[in-house]
**Student:** 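To start, I am sharing the structure in question, which I have written as structure tokens.
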Amino acid sequence: MTIRLPEPGGTTREYRPRAEPLTLSAPGPLTSRTVFSAAHVVADPYADTTPDSPAAVDWDATLAFRRHLWSHGLGVAEAMDTAQRGMGLDWAGAAELIRRSAAEAHSVGGRIACGVGTDQLTGPAGLPEIRAAYEEQLAVVEESGAQAVLMASRALAGAASGPEDYLDLYGHLLRQASEPVVLHWLGPMFDPALDGYWGSADLDAATEAFLDVIAAHPDKVDGIKVSLLDARREVELRRRLPEGVRCYTGDDFHYPELIAGDEQGFSHALLGIFDPLGPLAAEAVRTLDTGDVAGFRKTLDPTVALSRHLFRAPTRFYKTGVVFLAWLAGHQDHFTMVGGLQSARSLPHLSRAYELADGLGLFPDPARAESRMRSLLTVHGVPQ
């Protein structure tokens, strides 16, 4: 039986869904790479909200999804951009998410790292206010028992006059941190307000400033997360890191080759695409754990087409596809997003995401995914 999927321009085409999900081996720990999945939040579909309202989170479903990721051996990167941080989830909601998820991680033995930013600042701010905002959030994360990820700050991007302001502020935070942190460089394709981060729109100059921050405090930097969608630049940066500082790829376009690595090293992972790919990504890394690089690439390379589709420009709306696939996979009972972002991608875009994910065997129950896809298409007037 086929399903009729819409194409851009008003045409449709037939697609025959697969009948069985992909068969995976039993879950287990991952040993050769440290792998975090940035996890999405599940909105409460019964909340009477508007796009300007505080986020209404379905806490039971949100925490259940994190248990799903932990059960496959993945770590959870919490309260970052995949969780709609800064796109519907405010600091109050993020703080509650951090506390609840960290407590859940401790109860099941799961690894968790949480974002530290400045999003409680709602307008222009000076450097002292930005530092205080970072300090407040760092305290919340450390008190929860989670590892801190120092995220890029829109406020800092607007207030800094040059690289020296980044070196000073990050140096202060790193001296204050009780445990080594992850530094996050998020490119403007994910958030246009971060253009020119580290003091320059020239990425070569920005890289030097970033490395200066790390070199000044290597004992306080567990690793860096690089989300620039530029594999060459990540490899070059990775090779220049001080010994003991890890590179966590955030490149949702080139992650298989970056995780596999080369004769000079490899990247660990902190990826939004590992939200929908969780079980399959874990399977691939377990293969890599045995030294089978070719088997790892054979498993993970076919997922890149889906990732590139979800993260196509405007990249910041990739969350819509991630939550959509979680609904089709049965991890939540609805396709409702914080801030109404379920409308941020077109029906043809979502249809192609369904087709690619189904072709990979990502849906535990393909029939349920097909039924839900048909219901969405019917609501939008696509005849079946």
Side-chain angles (χ1 to χ4, degrees), residues 5-10 37-43 50-52 55 77 79-90 93-94 115 117-119 122 151-158 184-198 201-203 206 225-231 233-234 249-255 258 270-277 303-328 335-357 376 380:
L5 300 178
E7 294 273 24
S37 166
H40 73 279
V41 295
V42 183
T50 69
D52 297 326
M80 299 183 69
D81 57 288
T82 305
Q84 292 184 244
R85 188 87 181 262
M87 292 184 70
L89 186 70
D90 59 12
T118 63
D119 44 322
T122 57
M151 300 196 300
S153 163
R154 294 173 179 174
L156 181 55
H184 186 190
W185 186 357
L186 190 69
M189 67 288 295
F190 289 92
D191 186 343
L194 298 177
D195 191 29
Y197 211 73
W198 305 111
D202 181 311
L203 289 180
K225 172 179 165 17
V226 186
S227 300
L228 298 176
L229 304 184
D230 184 335
R233 184 172 295 278
E234 179 175 323
T249 187
D251 188 330
D252 300 279
F253 284 5
H254 308 99
Y255 51 93
L258 291 165
L270 198 165
L271 287 161
I273 191 57
F274 280 7
D275 178 303
L277 292 183
T303 68
V304 172
L306 172 63
S307 189
R308 285 177 174 263
H309 178 73
L310 295 181
F311 284 79
R312 65 187 290 188
T315 304
R316 64 188 181 278
F317 294 124
Y318 75 88
K319 296 96 163 170
T320 301
V322 165
V323 175
F324 171 66
L325 294 180
W327 170 56
L328 293 182
F335 178 34
T336 306
M337 294 181 65
V338 170
L341 278 185
Q342 64 271 13
S343 65
R345 292 294 201 187
S346 69
L347 190 61
H349 178 91
L350 296 177
S351 298
R352 179 60 176 159
Y354 161 72
E355 181 180 5
L356 290 168
L376 182 71
H380 284 81

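Starting from 1, each residue takes its place in the sequence as its number. All heavy atoms count here, side chains included; hydrogens, waters and symmetry mates do not.
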**Student:** At their closest point, which heavy atom of Q84 faces which heavy atom of L341, and how far apart are they?
**Tutor:**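 Distance-wise, the nearest heavy atoms are NE2-CD1, 3.3 Å.
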**Student:** Looking only at heavy atoms, what is the nearest atom pair of T82 and G272, with distance?
**Tutor:**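 Shortest heavy-atom separation between T82 and G272 comes out as OG1-CA, 3.7 Å.
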**Student:** Please name the pair of heavy atoms, one in D251 and one in F253, separated by the smallest distance, quoted to 0.1 Å.
**Tutor:**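 That would be OD1-N, 2.8 Å.
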**Student:** If only side-chain N and O atoms count, and only distance matters, is there a donor-acceptor pair under 3.5 Å linking E234 with T249?
**Tutor:** yes
**Student:** What heavy-atom pair brings V42 and H40 nearest, and what distance separates the two atoms?
**Tutor:** CG2-NE2, 3.9 Å
**Student:** With sequence neighbours excluded, what pairs up with H309 under the side chain to side chain contact (heavy atoms under 4.5 Å, CB included) test?
**Tutor:**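 Here the qualifying residues are R312, H349, R352, A353, L356.
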**Student:** So L376 and L347, do their side chains get closer than 4.5 Å, heavy atoms only?
**Tutor:**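 Of all side-chain heavy-atom pairs linking L376 with L347, at least one is under 4.5 Å.
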**Student:** So, S227 side chain and G187 main chain: donor-acceptor pair closer than 3.5 Å or not?
**Tutor:**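 Here the side-chain-to-backbone pair does not exist.
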**Student:** Applying salt bridge (Lys or Arg N to Asp or Glu O under 4.0 Å) as the test, list every pair that has at least one member in residues 313-327; sequence neighbours left out.
**Tutor:**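 Listed once each, the pairs would be none.
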**Student:** Who pairs with D191 by side chain to side chain contact (heavy atoms under 4.5 Å, CB included), at least two apart in sequence or on another chain?
**Tutor:**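 Checked D191 against side chain to side chain contact (heavy atoms under 4.5 Å, CB included); matches are R154, L186, A193, L194.
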**Student:** For the side chain of Q342 and the backbone of T336, is there at least one donor-acceptor N/O pair under 3.5 Å apart?
**Tutor:**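 No, because the side chain of Q342 does not come within donor-acceptor range (under 3.5 Å) of the backbone of T336.
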**Student:** Restricting to side chain to side chain contact (heavy atoms under 4.5 Å, CB included), what partner residues turn up for D90, sequence neighbours left out?
**Tutor:** P54, A92
**Student:** Please examine the side chains of Y197 and S153, heavy atoms only from C-beta on, and report whether any two atoms are closer than 4.5 Å.
**Tutor:**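 Yes, side chains in contact.
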**Student:** Please give me the minimum heavy-atom distance between M80 and L270, naming the atom from each residue.
**Tutor:**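 Closest heavy-atom pair between M80 and L270: SD-CD2, 4.1 Å.
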**Student:** Under a 3.5 Å distance rule, please check whether D252 uses its side chain to pair with a backbone N or O of S307 as donor and acceptor.
**Tutor:** no
**Student:** Identify, with sequence neighbours excluded, every residue that meets ring-ring contact (aromatic ring centres under 6.0 Å, His included) alongside F311.
**Tutor:** Y318
**Student:** Identify the heavy atoms of R345 and L350 that sit nearest to each other, and give their distance.
**Tutor:** CB-CD2, 4.2 Å
**Student:** If you define the side chain from C-beta out and look only at heavy atoms, does anything of L325 sit under 4.5 Å from L306?
**Tutor:** yes
**Student:** Could you check whether any side-chain heavy atom of M337 comes within less than 4.5 Å of a side-chain heavy atom of T320, counting everything from C-beta outward?
**Tutor:** yes
**Student:** With sequence neighbours left out, what residues match P348 under side chain to side chain contact (heavy atoms under 4.5 Å, CB included)?
**Tutor:**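 Residues passing side chain to side chain contact (heavy atoms under 4.5 Å, CB included) with P348: P8, S346.
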**Student:** List the steps, then state whether side chain to side chain contact (heavy atoms under 4.5 Å, CB included) holds for L5 with E355.
**Tutor:** CA-CA 9 Å; L5 300 178; E355 181 180 5; 4.1 Å; yes
